[in-house]
Each structure stands twice: as structure tokens, then as C-alpha cells.
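In the text below, chain A, chain B and the rest are named by the order of the sequence lines, each starting its count at 1. All values below were derived from every heavy atom in this structure, side-chain atoms included, with hydrogens, water molecules and symmetry-related copies excluded. Quick caveat: nothing in here was measured; it's all calculated off a predicted structure.
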Number of protein chains: 2
Amino acid sequence: MEYQEAKEKFISTWGSLGSLWGINKAMAQIQSLLFISTSPLSMEDIMKELKISRGNTSMNLRQLMDWGIVTKELIPGERKEFFTTEKDVQELARHIAKERSRREIKPVIKVLKEVSSIKDDGNEKTKELIKQTKALHDLAETADTMMNKIVNQEQNWITKSLLKLIK
Amino acid sequence: MEYQEAKEKFISTWGSLGSLWGINKAMAQIQSLLFISTSPLSMEDIMKELKISRGNTSMNLRQLMDWGIVTKELIPGERKEFFTTEKDVQELARHIAKERSRREIKPVIKVLKEVSSIKDDGNEKTKELIKQTKALHDLAETADTMMNKIVNQEQNWITKSLLKLIK
DNA sequence: ACAAACTTTCAATAATTATTGAAAGTTTAA
DNA sequence: TTAAACTTTCAATAATTATTGAAAGTTTGT
């Protein structure tokens with residue numbers, strides 16, 4: 001497999017995986033492109049490479065910046081803006097996990113908390129709803145905590161000891 | 001909040017979370033409904049409760065069975081089929097993690113392996129592609145392994161000791 | 001202050017994905 | 001073997017989501 005083919009394969013695969021971490025295809029592809037680029041890219045570069053429109057590129061770059069995984073790079077003497085992505089996979093994972101938790105998991109945990117806290121009126125169905133949503137709440141909270149802690153700090157130490165523990 | 005409201009809130013919230021674990025809304029809502037039901041439900045029950053068509057119900061139930069989290073229940077004397085979902089959250093998480101890994105993560109890991117194994121032609125861009133996809137491959141593999149191991153066996157012991165470790 | 005170089009916005013449109021419903025298929029009981 | 005009771009399939013349609021492109025907005029150099 002040659003460079004060009006490998007590059008395209010990477011961008012398209014990683015892009016289609018976008019759904020796994022909750023972002024759309026264009027967003028994921030732009031990030032992929034930046035991730036393997038040896039230098040910052042301009043909007044023009046990205047449009048041409050991925051064959052997407054200016055508007056699309058602009059909107060998705062903004063979203064990537066909101067996620068905190070792409071930053072503007074000012075290149076002296078250049079009028080246009082250039083972009084880079086976080087190149088360290090650990091940092092990348094940290095950002096993604098954090099955003100995912102904030103945007104999706106935390107709100108769901110909040111609802112589970114509310115629902116599992118309704119008054120027990122003695123009815124069998126109410127009891128079941130409370131019991132099951134409580135169990136889900138505890139699971140979601142544990143998973144969220146684990147994910148964040150693992151990914152957040154001392155990641156090398158903890159990952160290594162963890163892997164030893166469970167492998 | 002009364003039972004009915006809490007129930008609807010749970011189903012709609014958990015349903016919208018479907019995207020997080022890679023299933024569609026109807027599928028997630030059917031699973032939610034079964035999850036808090038005190039007895040197996042028929043297709044008729046599900047259609048009426050969620051206001052979705054017979055075809056939709058049938059297709060999504062099948063998918064849920066493919067995922068291994070919903071099973072047919074035969075009720076003596078009844079002609080129609082009844083359905084239940086796995087009620088234990090740990091088991092549920094295990095199934096979901098396993099399927100998610102098999103369907104989405106493993107194939108991506110395979111591509112990352114391929115792409116990161118292309119011949120180094122000495123070009124700077126090729127070197128970067130190899131380096132970055134290798135890093136991603138290792139991260140993805142570690143994450144996948146961890147997720148599966150954690151969720152798979154001795155989960156109670158490991159989760160508890162893990163939480164102590166990182167909390 | 002002007003205009004060139006660039007970016008953003010957003011209504012229109014395209015592409016994708018989910019849902020319906022009715023016909024075809026299957027199972028069961030008599 | 002028939003027909004009632006039920007489930008599945010799938011082409012048509014609806015709903016949702018992504019993308020375009022051109023007009024409006026912004027910044028910078030002269």
C-alpha cells in the first residue's frame with residue numbers, strides 16, 4: 001500500500017468512526033487530515049484535500065475548536081488562518097472523553113437521578129422503575145468516573161498498572 | 001414527578017442516548033420500555049406504548065435480539081410472542097461493550113494496523129502517517145482491551161478495587 | 001476610507017436514515 | 001387442509017441531518 005492510498009484509507013476509516021465519539025463525518029475527516037499532516041493547513045488546503053465546500057469546512061473547524069482538539073495557528077506573513085490538531089493521542093483522548101462526558105453522559109446521569117428519585121407509591125411498576133433506573137444511574141456514574149479518571153491524570157502510571165492487573 | 005411522567009422521561013432520555021452506544025432511537029426506546037417493565041411485553045404492547053408501527057417494532061426487536069440483549073419469551077397458552085430484556089445492568093453493559101467492540105472498534109483497529117504497517121519510503125509525510133496511526137492503533141487497542149476485560153469477568157471485584165484505586 | 005483577502009452565516013438543497021403499512025410469509029389449532 | 005392469528009419483509013415516504021454556495025461580515029494593508 002502506497003502513501004496516498006494509506007492516507008485515504010485512514011481518513012475515511014477514522015472519519016466513519018466519528019459516530020463512535022459523537023461527531024459528524026466531515027468533522028472527523030478534517031481532524032484526521034490534520035492529525036497526519038506535517039504542517040498546519042489552511043481552509044483552502046482542507047477544502048481541496050477533502051473536496052468539501054468552504055462553508056462546511058468553516059463550520060466544522062469551528063466545532064472542532066469548540067471541542068478543544070483543533071487550534072488556529074498564526075503563520076507570520078500569512079493573511080489566512082492555519083489549523084492544527086492536538087497531536088498527542090493521550091491528550092486527544094482526554095479532550096474527547098471530557099467533552100463527551102460533559103455534553104452527553106452528565107445530562108443523562110442527571111435525568112436518571114431525577115427519575116430514580118420519584119416517590120415510591122407502593123405500586124409494583126413504580127418500584128421497578130426506581131430500582132432499574134437507580135441501577136443504571138450507578139452504572140453510568142461509575143463508568144463516567146472511571147473514564148474521566150483514567151484518561152485525565154497520571155494516565156501512564158494508572159494505565160500500566162491497570163493493564164497488568166487485568167491482562 | 002409521577003410514575004407516568006418519570007417513565008416517559010426515562011424512555012425518551014435513554015432512547016436519545018442510543019447514539020452513544022450505536023443504536024437507533026426506536027431500538028433504544030424498545031429496550032428502555034422492556035427494561036422497566038414488570039413482565040414480558042408483546043409486539044402489540046410495544047407498538048401501542050411507543051406509538052410506532054408494527055414493521056418498525058418487528059425490525060428493531062430483531063436487531064435487539066441480534067445484539068443479545070432482548071430475548072423471546074414463550075408464555076404458555078399465548079399464541080403471540082413476548083419479549084424481555086436483560087435486566088441486570090452489568091450483564092447489559094457486557095453485551096453492549098462486546099458487540100460494540102466486535103462491530104466497530106475491532107475493524108477500525110485492523111485498518112489502523114494496516115495503515116501503520118506501510119513501507120517507510122523515507123518521506124517525511126509517510127513517516128508522520130506511520131507514527132500517528134501507530135499511536136492511534138496502540139491507544140485504540142489498549143482502550144478496547146481495557147473495556148472488554150473490565151466489563152467481562154470478575155467485574156464486581158475489579159470494579160470495586162479499581163474505584164478505590166482511582167477515586 | 002477603500003478595497004482586497006479572507007471567513008462566517010444561513011436558506012436552499014441533497015443525502016442519509018428511519019418509519020410506515022400493506023402484502024407476503026409462517027405457525028397453529030381444529 | 002384450511003383459516004385465523006400472528007410476524008416479517010420491503011418499496012414508498014417521511015423525517016432528519018449534512019452540505020453547498022453565494023451574500024454578508026471582518027480584517028488588514030495602503
Side-chain angles (χ1 to χ4, degrees), chain A residues 11-34 40-67 70-85 103-104, chain B residues 11-34 40-67 70-85 103-104:
Chain A
I11 290 173
S12 112
T13 304
W14 200 242
S16 74
L17 194 68
S19 71
L20 202 126
W21 40 296
I23 68 173
N24 74 28
K25 205 181 74 181
M27 226 174 125
Q29 291 191 339
I30 293 172
Q31 199 276 329
S32 307
L33 181 63
L34 293 172
L41 300 181
S42 69
M43 237 171 71
E44 213 73 37
D45 296 334
I46 296 169
M47 288 168 57
K48 217 183 300 168
E49 190 83 44
L50 301 179
K51 296 183 174 73
I52 59 178
S53 72
R54 189 175 295 284
N56 202 1
T57 309
S58 169
M59 286 172 109
N60 285 109
L61 274 171
R62 180 139 62 86
Q63 284 207 73
L64 284 164
M65 289 188 281
D66 288 349
W67 271 72
V70 162
T71 46
K72 270 185 192 158
E73 194 93 347
L74 293 180
I75 294 193
E78 284 279 7
R79 184 111 165 222
K80 54 184 161 219
E81 298 173 323
F82 286 78
F83 301 88
T84 40
T85 189
R103 290 166 195 243
E104 301 187 76
Chain B
I11 290 174
S12 113
T13 304
W14 199 242
S16 75
L17 195 67
S19 70
L20 203 126
W21 41 296
I23 68 173
N24 74 28
K25 206 181 73 179
M27 226 174 126
Q29 292 191 340
I30 293 172
Q31 198 278 329
S32 307
L33 181 63
L34 293 172
L41 300 180
S42 69
M43 238 171 70
E44 212 73 37
D45 294 335
I46 296 169
M47 288 167 59
K48 217 183 299 169
E49 190 82 46
L50 301 178
K51 296 183 173 74
I52 60 179
S53 73
R54 189 174 296 282
N56 201 1
T57 308
S58 169
M59 287 172 109
N60 285 109
L61 274 171
R62 180 139 63 86
Q63 284 208 73
L64 283 164
M65 289 188 282
D66 287 350
W67 272 73
V70 162
T71 46
K72 270 186 192 159
E73 194 93 348
L74 293 181
I75 294 194
E78 284 278 8
R79 185 110 163 224
K80 54 185 159 215
E81 298 173 324
F82 286 78
F83 301 89
T84 39
T85 189
R103 290 166 195 242
E104 300 186 78

_B/S/- contact track for nucleotides 24-30 of chain C, protein heavy atom under 4.0 Å_ = ---BB--

*What one-letter contact string describes nucleotides 8-18 of chain D from 5' to 3', where B marks a base within less than 4.0 Å of any protein heavy atom, S marks contact via sugar-phosphate atoms alone, and - marks no contact?*
BBB-------S

*With both distances kept under 3.5 Å, what pairs with dA22(C), Watson-Crick or G-U wobble?*
dT9(D)

Given atom [atom1] of [X] and atom [atom2] of [N], what is their separation to the nearest angstrom?
| X | N | atom1 | atom2 | value |
| --- | --- | --- | --- | --- |
| Met27(B) | dT19(C) | CE | P | 12 Å |
| Lys51(B) | dT19(C) | NZ | C1' | 16 Å |
| Leu74(A) | dT28(D) | CG | C1' | 13 Å |
| Phe82(A) | dT7(C) | CZ | P | 9 Å |
| Ile75(B) | dC6(D) | CD1 | P | 13 Å |
| Gln63(B) | dT19(C) | CD | C1' | 13 Å |
| Asn60(B) | dT19(C) | CG | P | 7 Å |

Kindly write out the residues that satisfy side chain to side chain contact (heavy atoms under 4.5 Å, CB included) with [X], not counting sequence neighbours, or none if the list is empty.
| X | value |
| --- | --- |
| Asn56(A) | Ala26(A), Ile52(A), Ser53(A), Asn60(A) |
| Thr13(B) | Val108(A), Val111(A), Lys9(B) |
| Ser58(B) | Met43(B) |
| Arg62(A) | Asp66(A) |

Below 4.5 Å, heavy atoms only, C-beta onward: do [X] and [Y] meet side chain to side chain?
| X | Y | answer |
| --- | --- | --- |
| Thr84(B) | Leu34(B) | no |
| Gln29(A) | Lys25(A) | yes |
| Ile23(A) | Trp67(A) | yes |
| Phe83(A) | Pro40(A) | no |

*Counting heavy atoms from C-beta on, name the nucleotide in dC6(D), dT20(C), dG21(D) closest to the side chain of Ser53(A).*
dG21(D)

*What residue among Arg79(A), Arg54(A), Lys80(A) forms salt bridge (charged side-chain N to carboxylate O under 4.0 Å, His left out) with Glu44(A)?*
Arg54(A)

